[in-house]
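I have placed the structure first, in the form of structure tokens, so that the comments after it can refer back to it.
For clarity, every value in this text was computed on a predicted model and none was experimentally measured.
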Amino acid sequence: MRGHRTYLAIMRLFTSTLLADLSASEVAGSLAVAEREGRIAEGESELSTVVERLRKLREWGNLTFGRRETVASSIAEFQHGSARFQVSKLGVRVQRDVDALLRVPEGAREVSRELLPAVERGLREIVELLPAALAERTGAGRARERLCEQVTTVFLQHAELAATVRDFYAYLGQVVTRHQLAPTEISGFRNLLVEYIQSVVEDVIRHTEPVADSLRVLAGHRRELLAVLDTEEDLGEEVERARGRTEADWQELTEWFLDAPGRPSQVSALREATARAIGSLLASVKHATSGGGPVPGHRGELLKLAAWFDRSSREEAHQLYAAAFGLHSARCLQPAADHDGDEHTISWRDGRRVQRPVNVRNRSDRSAQVGSSRVLHDPMTEQRLLDERRAEQRRRAAAVAELAAARQDPGAVRLSADALEILCELLTLAMAARDSPSESGTAVEPAHGLRLTLRPSSGDTRISSVTGELVLEGTALELRPAETTGEHDGNAETSDRISGAAR
């Protein structure tokens, strides 16, 4: 984009101090220094150009209008100084992220492993401070202040740890999938994977269990914890709260360390990513040492060619470019024509073309000299697969209908194997939707509109089937159509509850 360095210089000027309120004349004076130092293009500090840049930034949302009071010694100064600008909240964040991105080196980012024990100690201290904070009658007690301090510290530490892990594995995935690795690169990546990643994974696994224990304890007292962390001042709904003050923040922290049915944690993902990286490195080593097989890329040759261009003069670069890419004078290299004729008046660009297959191999051509076969249409197999799919859908619809009918006569429920399979599927989703057995969970079969709800109960629920008996201890099970949105009212005629003992 034209003038991008000027835009960066203007935004850095506004974000360098708190509550910066500048006019176009003041911005132009600061840009004049940058222009003399060569950090922006010549002429970018002119007042008309600066005014246009400021208006563009305001249209994009980076700047807003500032205060209107202006002290001017002339009418021209008043005209240019009457419009003052301030940086917006999103503009500050965008500029901060842009500067951070420009400072990022190309190499790997070190994982902040020392934050793992700090997160473990912080969560343990939160568990110890929570009873004392709940016992305080006033909202400004020492235990509450210490608890708020620890929550903020833990979430800041975890955010930094998660960011370093994501950056490191992003770089790792970028380099291990490269082809034609040099022997020195392979040695460096081997040390990186075998030594550094091994220590990272070991630290994460060692500290995950104590962190998980603390998170399980806090999950049972999450409402009380959020109530203690709530501020007494009415800041309004538009205020962005600090991390750790909402249910979503704690849920995100819990999912980072703890697995859930159908939802692996980031710790499990870290182990799987490490295994994939080691496998990719072994494949690269095998390819480099075997000396055979196809060469998917030419990175090494291109880097070598780039070094030659860097060391050559202008004339040598032209010769090198012509030699590397075959840009010589035109030559007639096509085979003789099938018929006698003189085509000297036709340009080689517009003449007849001869197709030649090209096989790129590092040693020899081992590929088969035949084309790939066509995919034949098999109507019998297609019809058989369609029939199997329709039969499977009919069985599932019958099983869901059987479950829906069971709510009408709970004392005579005896489910088939298909109905029990659908019920177990909905039970798994409903249990995964709750954080503890003391909460309710809901799951929906979307294709046929059946809703299953689990609620804590003093009794047990027994469900009989052709394959055995299923007992849900301390849990009540409820089935109803998915479109029903009313809450459970306790009436046996409308609750569709399956409870008590079946045959």
Side-chain angles (χ1 to χ4, degrees), residues 93 97 100 104 108-130 147-174 193 196-226 228-229 240-278 428-429 431-439 441:
R93 292 200 173 183
D97 293 341
V104 172
R109 182 180 181 182
E110 181 183 5
V111 178
S112 302
R113 293 181 294 160
E114 63 277 2
L115 295 178
L116 280 167
V119 171
E120 176 188 345
R121 290 192 301 269
L123 288 174
R124 186 170 61 248
E125 187 169 350
I126 291 174
V127 174
E128 297 172 354
L129 289 172
L130 183 58
L147 181 66
C148 295
E149 175 186 341
Q150 281 300 319
V151 169
T152 302
T153 303
V154 165
F155 275 87
L156 290 176
Q157 291 169 343
H158 175 260
E160 178 65 18
L161 171 65
T164 57
V165 170
R166 285 194 299 268
D167 292 348
F168 177 79
Y169 276 85
Y171 167 79
L172 191 62
Q174 175 185 350
L193 288 171
Y196 187 74
I197 293 186
Q198 182 179 359
S199 60
V200 170
V201 175
E202 289 177 354
D203 288 348
V204 171
I205 295 176
R206 183 171 65 254
H207 294 284
T208 295
E209 191 60 32
V211 169
D213 294 338
S214 299
L215 290 175
R216 292 190 187 98
V217 174
L218 293 175
H221 304 279
R222 189 170 294 176
R223 293 184 179 179
E224 295 86 347
L225 176 61
L226 294 177
V228 173
L229 296 174
E240 183 178 0
R241 298 293 306 279
R243 292 295 306 276
R245 270 62 177 177
T246 62
E247 179 81 16
D249 294 339
W250 284 98
Q251 186 65 27
E252 180 182 354
L253 179 63
T254 303
E255 293 176 355
W256 206 92
F257 288 98
L258 295 180
D259 291 322
R263 187 177 57 197
S265 64
Q266 292 298 313
V267 175
S268 301
L270 186 145
R271 291 197 295 263
E272 295 177 1
T274 302
R276 290 196 302 269
I278 293 177
T428 301
L429 296 176
M431 292 178 180
R434 58 182 186 175
D435 294 330
S436 64
S438 61
E439 299 180 358

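- With 3.5 Å as the limit, one finds no donor-acceptor pair spanning the side chains of T254 and R216.
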Evaluation steps, side-chain contact (heavy atoms from CB on, under 4.5 Å), between L123 and V217: CA-CA 10 Å; L123 288 174; V217 174; over 6 Å; no
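- Separation of atoms CG (L229) and CZ (R222) is listed at 12.0 Å; rounding is to 0.5 Å.
- Using modelled atom types, one side-chain atom of R245 and one backbone atom of R243 make a donor-acceptor pair closer than 3.5 Å.
- Annotation for G122 and Q150: closest pair CA-OE1, 3.4 Å, computed over non-hydrogen atoms.
- Under 3.5 Å, the side chains of E247 and Q251 contain no donor-acceptor pair of N or O atoms.
- Atom-to-atom distance recorded for R271:CZ and I205:CD1 is 5.0 Å, nearest 0.5 angstrom.
- Residue V119 comes nearest to Q157 through the heavy atom pair N-OE1, 3.7 Å, listed as atom of the first residue, atom of the second, then distance.
- Contact of the L215 side chain with the V211 side chain is registered, since non-hydrogen atoms from C-beta on lie closer than 4.5 Å.
- Remark: the T246 side chain and the D249 side chain contain an N/O donor-acceptor pair separated by less than 3.5 Å.
- To the nearest 0.5 angstrom, L129 atom CG is 11.5 Å from R124 atom CZ.
- In terms of modelled atom types and a separation under 3.5 Å, the side chain of T164 and the main chain of L161 share a donor-acceptor contact.
- Partners of Y169 under the ring pair (Phe, Tyr, Trp, His ring centres under 6.0 Å) rule, at least two apart in sequence or in another chain, do not exist in this structure.
- Atom-to-atom distance recorded for L253:CG and Q266:CD is 11.5 Å, nearest 0.5 angstrom.
- To the nearest 0.5 Å, atom OG of residue S214 and atom CD of residue E128 are 8.5 Å apart.
- Inter-residue side-chain proximity for D213 and V127 is flagged as unmet; no heavy-atom pair is nearer than 4.5 Å.
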Steps toward side-chain contact (heavy atoms from CB on, under 4.5 Å) verdict (T274, V200): CA-CA 10 Å; T274 302; V200 170; over 6 Å; no
Criterion ring pair (Phe, Tyr, Trp, His ring centres under 6.0 Å) on F257 and H158, from CA distance to verdict: CA-CA 11 Å; F257 288 98; H158 175 260; 5.7 Å; yes
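- Using modelled atom types, no side-chain atom of D203 and backbone atom of R113 make a donor-acceptor pair closer than 3.5 Å.
- By the 4.5 Å heavy-atom criterion applied to side chains, P117 and H207 are counted as neighbours.
- Side-chain atoms of W250 come within 3.5 Å of backbone N or O of G244 as a donor-acceptor pair.
- The distance from the CD atom of E209 to the CG atom of L258 is 8.5 Å, given to the nearest 0.5 Å.
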